[in-house]
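Everything below concerns the one structure shown next.
Whatever order the structure lists them in is the order used to number ligands and atoms, beginning at 1. On a predicted model such as this, the values are computed, not experimentally measured, just so you know. One-based numbering along the sequence shown.
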Amino acid sequence: MASIELSLTEEQRALRAGVLEICKRYPGEYWRDLDTRREYPEKFVSELTEAGYLAALIPQEFGGAGLGIREGGLILETINYSGGNAGACHAQMYIMGTVLRHGSEAQKREYLPKIASGALRLQAFGVTEPNSGSDTTKLQTTAIRKGDRYVVNGQKIFISRVLQSDLMLLLARTTPVDGVKRKTDGLSVFLIDIRGLKGFEVRPLRMMMNHSTNALFFDNVEIPAESLIGDEGKGFHYILDGMNAERILVASDSLGDARWFTEKAVAYSNQRVIFGRPIGANQGVQFAIAKAHIATDAAQLMRDKAAALFDGGQPCGGEANMAKYLGAEAAWEAGNACIDCHGGYGYAEEYDVERKFRECRLYKTAPVNNNLVLAYVGEHVLGMPRSY
Ligand SMILES: Cc1cc2nc3c(=O)[nH]c(=O)nc-3n(C[C@H](O)[C@H](O)[C@H](O)COP(=O)(O)OP(=O)(O)OC[C@H]3O[C@@H](n4cnc5c(N)ncnc54)[C@H](O)[C@@H]3O)c2cc1C
């Protein structure tokens, strides 16, 4: 039976210390400067890769550390807790799971060791489309088999880190909806090498935060048939298989943000003196921070439960979704408490509060909107009618 550890093991503490050591070399100024220029934290991600942290979940036989999702989450949480943004590199941890679980032996041997060593980067995951949004099975990008190739046509929106990746995991329709029994069939997942791909256009989008996000256009893009992962038509199910890992890891990003906000808010409220006493002595200031702390601790318990179940090979759909929801909401609550207690300084770039505030907001929306998490819990945990 899976059980939740209430404190970190010695190995986990060492892992956290190692990540913190790297993060110390990338202070607020580093992230702020990149945020202004909307540039990728190349140096940080490279150092993290070289130290092996982004290969934490890749099994040892493929050159990774073979650690569990709890450790993967701890790495991401630590980055965000230290003031950085793990969103630049978290996707590799969950994308590679699809290759690991459903890829052929040849694909695993070809790609996983190179991803683990950093020779190849897989940080791009192409699912969302302008006309389908959260309703993934309605996506319109097609991949049609022609001999030893597939020809891809269509558009994707909000796809992150494409210009910083060598490989992308792509979800496309290989059989039209009217040719399949269930709308979840007929979608396929491909691991494609996007370097110099003919007919493939990437248009960067300037977003609220620095997230290297793009619109993608596929115009008769030819990819080798060997790019297909697993069986044709089963891609949606493969992607669903990876959702729990994604939810737990994103919850960990949020937990790191929440802790960063709370710590900053406490420190500032204790030292800022207005009306002759620290602002933190006012219940109006203190209680908001205390509530955020309570929300964060509760979110962490759920993340830890989800991670324990996941690492124990037990079903964890409900817990992983709830962890993602609670984490994103806790970070948002802590971000609001932090910006409130900082008064005008909360809006000044040099404090990093406004940057982290923008960054943490994303996880209420992506990779899945919290509304859809509620829909999942209503339907799958509580047994209520499907609401969408
Ligand atoms: C910065 C950023 C980076 C991203 N990176 C990636 C990426 O790398 N790869 C990728 O594939 N996608 C990415 N996304 C896309 C993201 O996953 C989607 O934006 C998200 O899934 C929602 O889709 P949508 O924007 O089309 O919203 P819609 O699906 O149009 O939804 C809009 C709103 O309506 C609500 N809604 C819709 N239907 C229902 C319903 N039945 N019940 C209740 N509420 C409903 C939603 O919850 C949401 O609030 C990114 C998005 C952002 C902002």
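Using a 4.0 Å cut-off to heavy atoms of Val127, the atoms of ligand 1 that qualify are 11 (O). Per-residue contacts place Thr365 under 4.0 angstrom from the following atoms of ligand 1 (heavy atoms of the residue considered): 20 (C). Each of the atoms 1 (C), 3 (C) of ligand 1 lies under 4.0 Å from some heavy atom of Thr213. Residue Ile159 approaches ligand 1 through these ligand atoms, each under 4.0 Å from one of its heavy atoms: 7 (C), 8 (O), 9 (N), 10 (C), 11 (O). If you number the atoms of ligand 1 from 1 as listed, the ones under 4.0 Å from a heavy atom of Asn369 come out as 46 (C), 47 (O), 48 (C), 49 (O). Of all the atoms in ligand 1, the ones that sit under 4.0 Å from a non-hydrogen atom of Pro367 are 17 (O), 21 (O). Against a heavy-atom cut-off of under 4.0 Å, Leu362 is close to the following atoms of ligand 1: 1 (C), 2 (C), 52 (C), 53 (C).
Partner Glu129 forms a side-chain hydrogen bond (donor to acceptor under 3.5 Å, both in side chains) with one of Gln155, Lys156, Lys138 and no other, that one being Lys156. With respect to Trp31, the ring-ring contact (aromatic ring centres under 6.0 Å, His included) criterion is satisfied by exactly one of Tyr40, Phe44, Tyr26: Phe44.
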request  = Decide yes or no on side chain to side chain donor-acceptor pair (under 3.5 Å) for Glu39 and Asn210, but give the supporting numbers first.
outcome  = CA-CA 7 Å; Glu39 280 187 12; Asn210 186 16; over 6 Å; no
request  = Carefully, step by step, assess His237 and Asp185 under the rule side chain to side chain donor-acceptor pair (under 3.5 Å).
outcome  = CA-CA 8 Å; His237 307 280; Asp185 293 336; 3.1 Å; yes
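Considering backbone and side-chain N/O atoms, Ser160 comes within less than 3.5 Å of an N/O atom of ligand 1. For ligand 1, the polar-atom distance check finds no N/O of Glu129 at less than 3.5 Å from any of the ligand's N/O atoms. The distance criterion of under 3.5 Å between nitrogen or oxygen atoms is not met by Ala366 with respect to ligand 1.
In terms of protein heavy-atom proximity, atom 13 (C) of ligand 1 is nearest to Phe158 O, 2.8 Å. From the protein, the heavy atom lying nearest to atom 44 (N) of ligand 1 is Asn371 ND2, 3.0 Å. The single protein non-hydrogen atom nearest to atom 23 (O) of ligand 1 is Ser134 OG, 3.6 Å, given as residue, atom name and distance. If you check which protein heavy atom lies closest to atom 39 (C) of ligand 1, you get Leu372 CD2, 4.3 Å. At the shortest separation from atom 41 (N) of ligand 1 among protein heavy atoms lies Tyr388 CB, 3.1 Å. Counting only heavy atoms of the protein, atom 26 (O) of ligand 1 lies nearest to Gly133 CA, 3.0 Å.
Glu42 and Arg121 are joined by a salt bridge, as a carboxylate oxygen and a charged side-chain nitrogen come within less than 4.0 angstrom of each other. The residues Lys234 and Glu232 are annotated as not salt-bridged, no charged nitrogen and carboxylate oxygen being separated by less than 4.0 angstrom. Here Glu61 pairs with Arg109 in a salt bridge; the nearest charged N to carboxylate O distance falls below 4.0 Å. A salt bridge does not link Arg32 with Asp35: none of the charged nitrogens is closer than 4.0 Å to a carboxylate oxygen. Between Glu77 and Arg303 there is a salt bridge, since at least one side-chain N of the basic residue sits less than 4.0 Å from a carboxylate O of the acidic one. Using a cutoff of 4.0 Å between basic side-chain nitrogens and carboxylate oxygens, Glu263 and Arg259 are not scored as salt-bridged. The residues Lys43 and Glu47 are annotated as not salt-bridged, no charged nitrogen and carboxylate oxygen being separated by less than 4.0 angstrom.
Per-atom contact check: atom 30 (O) of ligand 1 does not touch the protein, criterion being a heavy-atom distance below 4.0 Å. The protein reaches atom 7 (C) of ligand 1 closely, with a heavy atom under 4.0 angstrom from it. There is a protein heavy atom less than 4.0 angstrom from atom 3 (C) of ligand 1. Distance screen at 4.0 Å: atom 36 (N) of ligand 1 has no protein heavy-atom neighbour inside the cut-off. Counting only heavy atoms, the protein never gets under 4.0 Å from atom 33 (C) of ligand 1.
One side chain, Thr213 or Ser160, offers a donor N or O that lies under 3.5 Å from an acceptor on the other. Of the N and O atoms on the side chains of Asn282 and Arg277, at least one donor lies less than 3.5 Å from an acceptor on the other residue.
Heavy atoms of Phe125 found under 4.0 angstrom from ligand 1 belong exclusively to the backbone.
Under a cutoff of 6.0 Å and an axis angle of 45°, Arg101 and Tyr238 do not form a cation-pi pair.
Nearest to atom 16 (C) of ligand 1 by heavy-atom distance, out of Asn131, Val373, Thr128, Ile95, is Thr128.
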